[in-house]
Amino acid sequence: MFYPGKPGCDYDELLQAISKVADFFKSTYANDNLIVFDRNLSFTDDPRFQSAFDKAAGNNVQERSLMWRLHIAGWAGKQAQRLSGDFVECGVFNGLTSYFLCEYLQFGKLNKTFWLYDSFKGLDPETASEAELTSWDGVYTAVPTLADDVRKRFSRFNNVRIVQGWLPGTLQEASPTEIAFLHLDLNSVQAEIQSLEYLYDRITPGGYILLDDFGWTFNAPQMQAERAFFKQRKITVLELPTGQGLVTKP
């Protein structure tokens, strides 16, 4: 490569080199502990996806780093909206994924209900392990208005139902009879498996289950428990490079 000021510098060659570097970075994704290159990243060219992503993540650097995870959720949700049944998210936190889906799928126009379950105050000490409690210590208490913030965020969607409380107990109090899409993000083995056990038979054949924590090494106990759960049903979980796991019910 030739550089400005270097004897024999060719300006056209320099521009070509810069163009190659720019093309390399256009095809590179480095976020959320995922680095890939020479990829088309076609979802970034989808105006509907980009609009929903911008509305959901805003200028939050941490949330914008989850673009590929939201792409996976959007793809699964788009397939699931054609099926009979409602949408469910167990583990909402501030509603990033579910709000993205509401925007991306124009959920307010669908004849479905989106059920959002969370305690909005952390993991349940009755079901979470000491390690799980420690890893999330302080995360929820840092946002004391979380429940009200989430209610406000979804206030314009008449078909979004927010259920506050510990899982799986709240599922017994209020839950759909038929599910097309289930997103699990509880960061707790026992709560996640108990929620799966309660909801699995309600999932429509062909329905989608997205496991947010499945592929992460620090969530290995969840992965092991979920693999065992689905193995009993002769189902293999697809582990994704994003750290998620994906299942379609036979």
Side-chain angles (χ1 to χ4, degrees), residues 25-34 36 39-118 120 143 146-163 176 179-185 204 206-215 238 240-248:
F25 282 107
K26 283 181 182 178
S27 65
T28 300
Y29 182 94
N31 258 322
D32 197 19
N33 291 5
L34 173 64
V36 297
R39 302 301 173 89
N40 289 321
L41 304 175
S42 58
F43 56 89
T44 63
D45 296 327
D46 178 0
R48 185 167 165 180
F49 170 84
Q50 196 64 55
S51 175
F53 175 71
D54 288 339
K55 289 177 182 178
N59 295 320
N60 186 301
V61 175
Q62 171 62 25
E63 294 186 352
R64 294 194 71 83
S65 74
L66 306 181
M67 177 183 279
W68 206 318
R69 271 200 253 185
L70 292 180
H71 163 58
I72 298 295
W75 177 87
K78 195 171 183 179
Q79 314 313 309
Q81 70 178 347
R82 307 169 185 171
L83 303 174
S84 177
D86 290 337
F87 279 38
V88 173
E89 181 171 58
C90 295
V92 178
F93 194 59
N94 67 0
L96 172 67
T97 301
S98 42
Y99 187 78
F100 164 77
L101 285 170
C102 283
E103 291 287 352
Y104 183 59
L105 304 176
Q106 299 181 323
F107 202 85
K109 298 179 181 180
L110 299 182
N111 185 27
K112 295 180 182 294
T113 298
F114 206 144
W115 299 72
L116 305 182
Y117 296 90
D118 203 301
F120 299 110
V143 194
L146 186 59
D148 290 336
D149 292 345
V150 171
R151 291 189 182 96
K152 183 178 180 180
R153 189 174 201 179
F154 290 93
S155 60
R156 68 184 180 87
F157 294 98
N158 295 324
N159 55 345
V160 172
R161 183 169 178 180
I162 299 170
V163 184
I179 301 168
F181 173 84
L182 170 62
H183 183 219
L184 282 172
D185 187 11
T204 304
Y208 293 81
I209 304 170
L210 186 59
L211 308 167
D212 189 72
D213 307 317
F214 184 84
L238 174 63
L240 302 170
T242 53
Q244 297 158 298
L246 183 63
V247 171
T248 54

Trainee: To the nearest 0.5 Å, what is the distance between CZ (Phe49) and NE2 (His71)?
Mentor: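 So the gap between those two atoms works out to 7.0 Å.
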
Trainee: Does a salt bridge link Glu103 with Arg153, judged by any charged N lying under 4.0 Å from a carboxylate O?
Mentor: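 No, Glu103 and Arg153 are not salt-bridged.
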
Trainee: With side-chain contact (heavy atoms from CB on, under 4.5 Å) as the criterion, how do Leu246 and Trp75 come out once you've worked through the C-alpha distance, each side chain's angles and the decisive distance to 0.1 Å?
Mentor: CA-CA 11 Å; Leu246 183 63; Trp75 177 87; 3.9 Å; yes

Trainee: Where the side chain of Thr204 meets the backbone of Ile179, is there a donor-acceptor pair that is under 3.5 Å apart?
Mentor: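 Confirmed, Thr204 side chain pairs with Ile179 backbone.
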
Trainee: Using the six-membered ring wherever Trp is involved, compare the ring planes of Tyr99 and Phe157 and label them parallel, tilted or perpendicular (cut-offs 30° and 60°).
Mentor: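 If you compare the ring of Tyr99 with that of Phe157, the planes turn out perpendicular.
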
Trainee: Name the orientation class of the two ring planes belonging to Phe100 and Tyr104 (parallel below 30°, tilted from 30 to 60°, perpendicular beyond 60°).
Mentor: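 Phe100 vs Tyr104 ring planes: parallel.
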
Trainee: Within a reach of under 6.0 Å around CG of Asn111, are more than 12 heavy atoms found that belong to other residues, nucleotides or ligands?
Mentor: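 12 or below, so no.
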
Trainee: Aromatic rings Phe107 and Phe114: how do their planes relate, parallel, tilted or perpendicular, breaks at 30° and 60°?
Mentor: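 Aromatic pair Phe107/Phe114 classed tilted.
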
Trainee: State whether the side chain of Asp118 and the backbone N or O of Phe93 hold a donor-acceptor pair below 3.5 Å, judged by distance alone.
Mentor: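 At least one qualifying donor-acceptor pair exists.
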
Trainee: Can you measure from CZ (Phe214) to CG (Asp185) and round to the nearest 0.5 angstrom?
Mentor: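 Nearest 0.5 Å value for the CZ-CG distance: 14.5 Å.
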
Trainee: Checking Asn31 against Trp68 for the side chain to side chain donor-acceptor pair (under 3.5 Å) test, could you report, in this order, the C-alpha distance in whole Å, the side-chain angles of both residues, the deciding distance, and whether it holds?
Mentor: CA-CA 9 Å; Asn31 258 322; Trp68 206 318; over 6 Å; no

Trainee: Is a side-chain N or O of Glu63 found less than 3.5 angstrom from the main chain of Gly58, in a donor-acceptor match?
Mentor: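 Not at all, since once roles are kept as given, no pair shorter than 3.5 Å links the two residues.
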
